[in-house]
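To start, the structure itself, in structure tokens.
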Amino acid sequence: MKIKDKNFVPFISAEEINDRVAKLAKQINKDYKGKTPLFIAILNGSFIFASDLLKEINLDCEISFIKLSSYTEMASTGNVKELIGINENIFNRDVVIIEDIVDTGNTMKGVMGEFKERGAKTIEIVSLLVKPEALVNAIDIKYVGFEIPDKFVVGYGLDYDGLGRNKKAIYQIKS
Ligand code: 5GP
């Protein structure tokens, strides 16, 4: 498959993704039984994963979406982007962050810090993909869909230069 100047090869099939997502949901249903978690999906990349995962969640829960602003001047000094769209009261909530992919972990570190500051009771991360070789922050990702090599992927919500998000499967860059 070609997107713009890059070639991609099939990497994780739609069936494998669906199976894994169902299993993650089952585990979350079990772990949060009797609680009313607040799921917060990070846009844009996680929109398909969040939708498929949340359809399998049978708990009373709230669902919200946040976006990260584009880099500010501070970004080069290591500061994380600003969060846009947190309207819910986070205080004393069991927050579950839904992310498409954790690469260096910078994004998740920043997001978790923000929620901690706002007084969340618990914060866990569910990420469809994690690149362990790329992680530079010691963050605890409780729910991991797939651990993958440090190579660029697209599909199932993830884009390359704006394209590819609508693919049902995940594709890896051809090297
Ligand atoms: P981190 O802050 O963990 O380094 O990066 C997380 C963000 O980088 C993800 O939410 C995603 O937007 C982007 N990203 C990291 N690796 C990939 C990849 O292989 N493919 C795509 N499409 N985005 C990626």
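For the single chain, residues carry numbers from 1 onward in sequence order. For ligands, and for the atoms within them, numbers begin at 1 and follow the listed sequence.
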Could you tell me how the ring of Tyr156 sits relative to the ring of Phe49: parallel (under 30°), tilted (30 to 60°) or perpendicular (over 60°)? tilted
Near [X], which atoms of ligand 1 are under 4.0 Å from a heavy atom of that residue?
X: Lys131; result: 16 (N), 17 (C), 18 (C), 19 (O)
X: Leu158; result: 21 (C), 22 (N), 23 (N)
X: Thr107; result: 1 (P), 2 (O), 5 (O), 6 (C)
X: Glu99; result: 10 (O)
X: Thr104; result: 1 (P), 2 (O), 3 (O), 4 (O)
X: Asn106; result: 2 (O), 3 (O)

Identify, for [atom], the protein heavy atom at the shortest distance, and state residue, atom and that distance.
atom: atom 22 (N) of ligand 1; value: Asp159 O, 2.8 Å
atom: atom 8 (O) of ligand 1; value: Asp103 CB, 4.7 Å
atom: atom 13 (C) of ligand 1; value: Ile101 CG2, 4.3 Å
atom: atom 20 (N) of ligand 1; value: Val153 O, 2.8 Å

The answer for which part of Asp100 has a heavy atom under 4.0 Å from ligand 1 is side chain
Region of Met108 engaging ligand 1 - heavy atom pairs below 4.0 Å: neither
When rounded to the nearest 0.5 angstrom, what is the spacing between OG1 in Thr107 and CD in Glu99?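 If we round to the nearest 0.5 Å, Thr107:OG1 and Glu99:CD are 6.5 Å apart.
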Does the residue Gly45 have a heavy-atom contact with ligand 1, meaning some pair of atoms that are separated by less than 4.0 Å? no
Flag the pair Arg118 and Glu114 as a salt bridge only when some basic side-chain nitrogen lies within less than 4.0 angstrom of an acidic carboxylate oxygen.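 Result for this pair is yes, salt bridge flagged.
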Any ion pair linking Lys131 and Glu147 (charged N to carboxylate O, less than 4.0 Å)? no
Looking at atom 5 (O) of ligand 1, would you say a protein heavy atom lies below 4.0 Å from it? yes
With distance as the sole test, does [X] use its side chain to make a donor-acceptor pair with the main-chain N or O of [Y] at under 3.5 Å?
X: Arg20; Y: Val144; result: yes
X: Asp100; Y: Leu158; result: no
X: Ser51; Y: Phe47; result: no

Val130-Leu24 co-clustered via ILVMFWY side chain contacts under 4.5 Å: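 The answer is no; the residues belong to distinct hydrophobic clusters.
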Any nitrogen or oxygen of Phe152, main chain or side chain, under 3.5 Å from a nitrogen or oxygen of ligand 1? no
Taking N or O atoms only and a 3.5 Å limit, does Val154 qualify as a polar contact for ligand 1?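 Looking only at distances, the answer is no, because the N/O contact criterion of under 3.5 Å is not met.
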Give the intermediate values and the outcome of side-chain contact (heavy atoms from CB on, under 4.5 Å) for residues Lys4 and Leu163. CA-CA 9 Å; Lys4 295 195 173 171; Leu163 299 179; 3.8 Å; yes
Ser64 and Glu88: side-chain donor and acceptor closer than 3.5 Å? yes
